[in-house]
Participant: 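Below is one structure. I have some questions about it.
These values consider heavy atoms only, across backbone and side chains, with no hydrogens, waters or symmetry-generated copies. Throughout, protein chains are lettered first and strands after them, A, B, ... in sequence-line order, and every chain is numbered starting at 1. Here the structure is a predicted model, which is why all the values come from computation and not from measurement.
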2 protein chains.
Amino acid sequence: MQTATARRAAAVPAAAKRPRGRPRKTVDERDDGNRRRKLILGAARLFRRKGFDGTSTRDIAAAAGMQSGSPFYHFESKQALLFAVMEQGMRHAVERQEQAIAAAGMDRLRPPEQLRLLVRNHFEILLGPGSDFIPVMLYEARSITARQHAALSELRSTYEAAWEPVLQALHASGRLKADVKLARLMIFGALNWSVQWFDRRKEASLDDLTQAALSLFIGEKA
Amino acid sequence: MQTATARRAAAVPAAAKRPRGRPRKTVDERDDGNRRRKLILGAARLFRRKGFDGTSTRDIAAAAGMQSGSPFYHFESKQALLFAVMEQGMRHAVERQEQAIAAAGMDRLRPPEQLRLLVRNHFEILLGPGSDFIPVMLYEARSITARQHAALSELRSTYEAAWEPVLQALHASGRLKADVKLARLMIFGALNWSVQWFDRRKEASLDDLTQAALSLFIGEKA
DNA sequence: CCTACCGATCGGTAGG
DNA sequence: CCTACCGATCGGTAGG
């Protein structure tokens with residue numbers, strides 16, 4: 001219904017209805033974008049809850065209000081859809097981290113507070129609202145191709161690059177005693193593992209988690 | 001072939017061939033035990049590499065040298081086989097930890113060295129030879145029933161119970177600054193995550209990992 | 001994007 | 001434990 005209406009509206013010259021602003025995309029493209037996004041969102045939720053192999057493309061279609069064959073109009077394969085989920089998740093994570101760094105004026109903070117900022121933001125990405133994308137990326141890596149994996153690794157490097165100087169500085173000042181490379185891997189382990197046990201409805205808040213992490217890694221008190 | 005030979009041997013009175021020792025089980029039971037173990041071992045490997053949903057019971061049968069329907073002679077269902085993998089992994093882990101504690105005379109060690117012992121042993125269980133069981137248990141929890149999950153939780157509590165007094169002591173002495181409960185979750189996260197990146201063939205050894213973990217958590221130097 | 005469909009594969013079972 | 005098989009489901013496609 002909505003589509004039919006939109007199509008009819010598109011027959012009217014655009015200028016008659018939208019005199020200002022730059023030209024919009026055609027209706028078809030707009031719809032396609034929405035449907036595509038809806039598929040990705042639903043797939044993220046399902047992949048997280050039931051795993052990639054445990055989710056059928058029919059499940060995903062139903063979640064997006066489509067018929068069983070329709071996802072393949074938008075994505076070449078189920079695997080391509082998985083990759084889209086992961087890629088979008090990583091792009092979003094990189095973006096949010098950049099924003100958090102910029103908003104806090106991170107270079108003015110001392111290293112312990114820099115780490116706090118990064119950890120807190122990481123928990124947000126991992127456990128905050130709409131946080132299915134990164135867990136899928138973390139736990140379904142097995143199901144993508146080597147080429148796709150390489151593309152994601154680049155985004156991951158970008159994300160992790162922001163942590164490196166902070167950890168180096170903490171190591172140099174003696175606050176972080178462990179080897180920096182292994183410390184980074186273990187820190188991400190400690191944080192990423194939280195998706196296994198964190199329950200938004202009870203117990204600790206993201207602030208509590210952040211504080212515990214800081215205390216654990218660099219003995220930083222509240 | 002082997003089976004046929006064994007069956008023929010069984011027709012000979014046991015006393016004629018084994019004059020001493022307590023009576024053995026019948027050949028059928030012995031074989032069943034071997035086949036069962038072989039299925040569990042192969043399933044552990046496959047579940048780890050391809051995931052529970054990505055592994056077919058035919059794969060598992062082939063890995064054990066059986067025909068496609070035969071695993072169901074030994075296990076009620078694919079899920080029961082998964083549970084068997086997890087349960088055996090946890091029982092083995094609990095056993096090994098108890099042995100490590102006894103062998104080291106842990107109560108004579110000071111808390112930092114107690115933690116070192118537990119961490120080192122945990123890495124061994126997680127990353128040492130034949131270490132597919134625990135990763136499967138950690139990453140395929142989604143695919144077992146609530147009842148099975150409860151049974152494993154008990155074993156897990158037993159395993160974790162050994163860590164609690166150590167962490168408490170470290171907290172009391174100021175070495176561990178973080179909240180003990182959250183610290184425990186994050187420590188296990190840091191350790192368990194290593195199955196995602198650790199490569200036995202290169203870089204760090206299990207001793208290196210242990211040292212890095214100790215440095216990170218309680219600032220303990222080499 | 002839907003309809004209708006395909007070949008392949010899956011977990012599991014009966015009967016021996 | 002094998003043989004032979006079942007119904008269900010799966011990812012994906014042609015044609016509109």
Participant: Looking at D:dG11, which nucleotide sits across from it as a Watson-Crick or G-U wobble partner, both distances under 3.5 angstrom, or is there none?
Facilitator: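 Pair assignment: D:dG11 / C:dC6.
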Participant: Does B:Arg58 place a side-chain N or O at less than 4.0 Å from the phosphate oxygens OP1/OP2 of C:dT9?
Facilitator: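 No, B:Arg58 has no side-chain N/O under 4.0 Å of OP1/OP2 on C:dT9.
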Participant: If pairing requires Watson-Crick or G-U wobble contacts with both distances under 3.5 Å, which nucleotide is the partner of C:dG16?
Facilitator: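 D:dC1 is the nucleotide pairing with C:dG16.
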Participant: Sort out for me which residue in B:Arg37, B:Lys38, B:Arg36 forms a side-chain hydrogen bond (donor to acceptor under 3.5 Å, both in side chains) with B:Asn34.
Facilitator: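 Of B:Arg37, B:Lys38, B:Arg36, side-chain hydrogen bond (donor to acceptor under 3.5 Å, both in side chains) with B:Asn34 is met by B:Arg37 alone.
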Participant: Using a cut-off of less than 4.0 Å, is there contact between a side-chain N or O of B:Gln67 and OP1 or OP2 of D:dC1?
Facilitator: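 Looking at the OP1 and OP2 atoms of D:dC1, neither is under 4.0 Å from any side-chain N or O of B:Gln67.
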Participant: Using atom CG of B:Asp59 as one end and atom C1' of C:dA8 as the other, report the distance to the nearest whole Å.
Facilitator: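 Nearest whole value for this atom pair: 14 Å.
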Participant: Nearest to the side chain of A:Phe72, which nucleotide is it out of D:dC1, C:dC1, D:dG12?
Facilitator: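 My answer, after comparing the listed nucleotides, is D:dG12.
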Participant: Between B:Tyr139 and A:Trp193, what is the ring plane arrangement, given parallel below 30°, perpendicular above 60°, and tilted in between?
Facilitator: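 The rings of B:Tyr139 and A:Trp193 stand perpendicular, inter-plane angle above 60°.
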Participant: What closest approach, in Å, do A:Pro71 and A:Met66 show between heavy atoms, and which atom pair accounts for it?
Facilitator: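 Result for this residue pair: N-SD, 4.3 Å.
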Participant: Which nucleotide sits closest to the side chain of B:Thr57: C:dG11, C:dG12, D:dC2?
Facilitator: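 Within the option list, the nearest is C:dG11.
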Participant: Is the A:His149-A:Phe83 ring centre distance short of 6.0 angstrom?
Facilitator: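 No, too far apart.
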Participant: For B:Ser56 and C:dT9, is the shortest distance between a side-chain N/O and OP1 or OP2 below 4.0 Å?
Facilitator: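 Checking B:Ser56 against C:dT9: no side-chain N or O falls below 4.0 Å of OP1 or OP2.
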Participant: Checking all strands, does A:Ser70 fall into the base, sugar-phosphate, or nothing category for heavy-atom contacts under 4.0 angstrom?
Facilitator: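 The residue A:Ser70 makes base contact.
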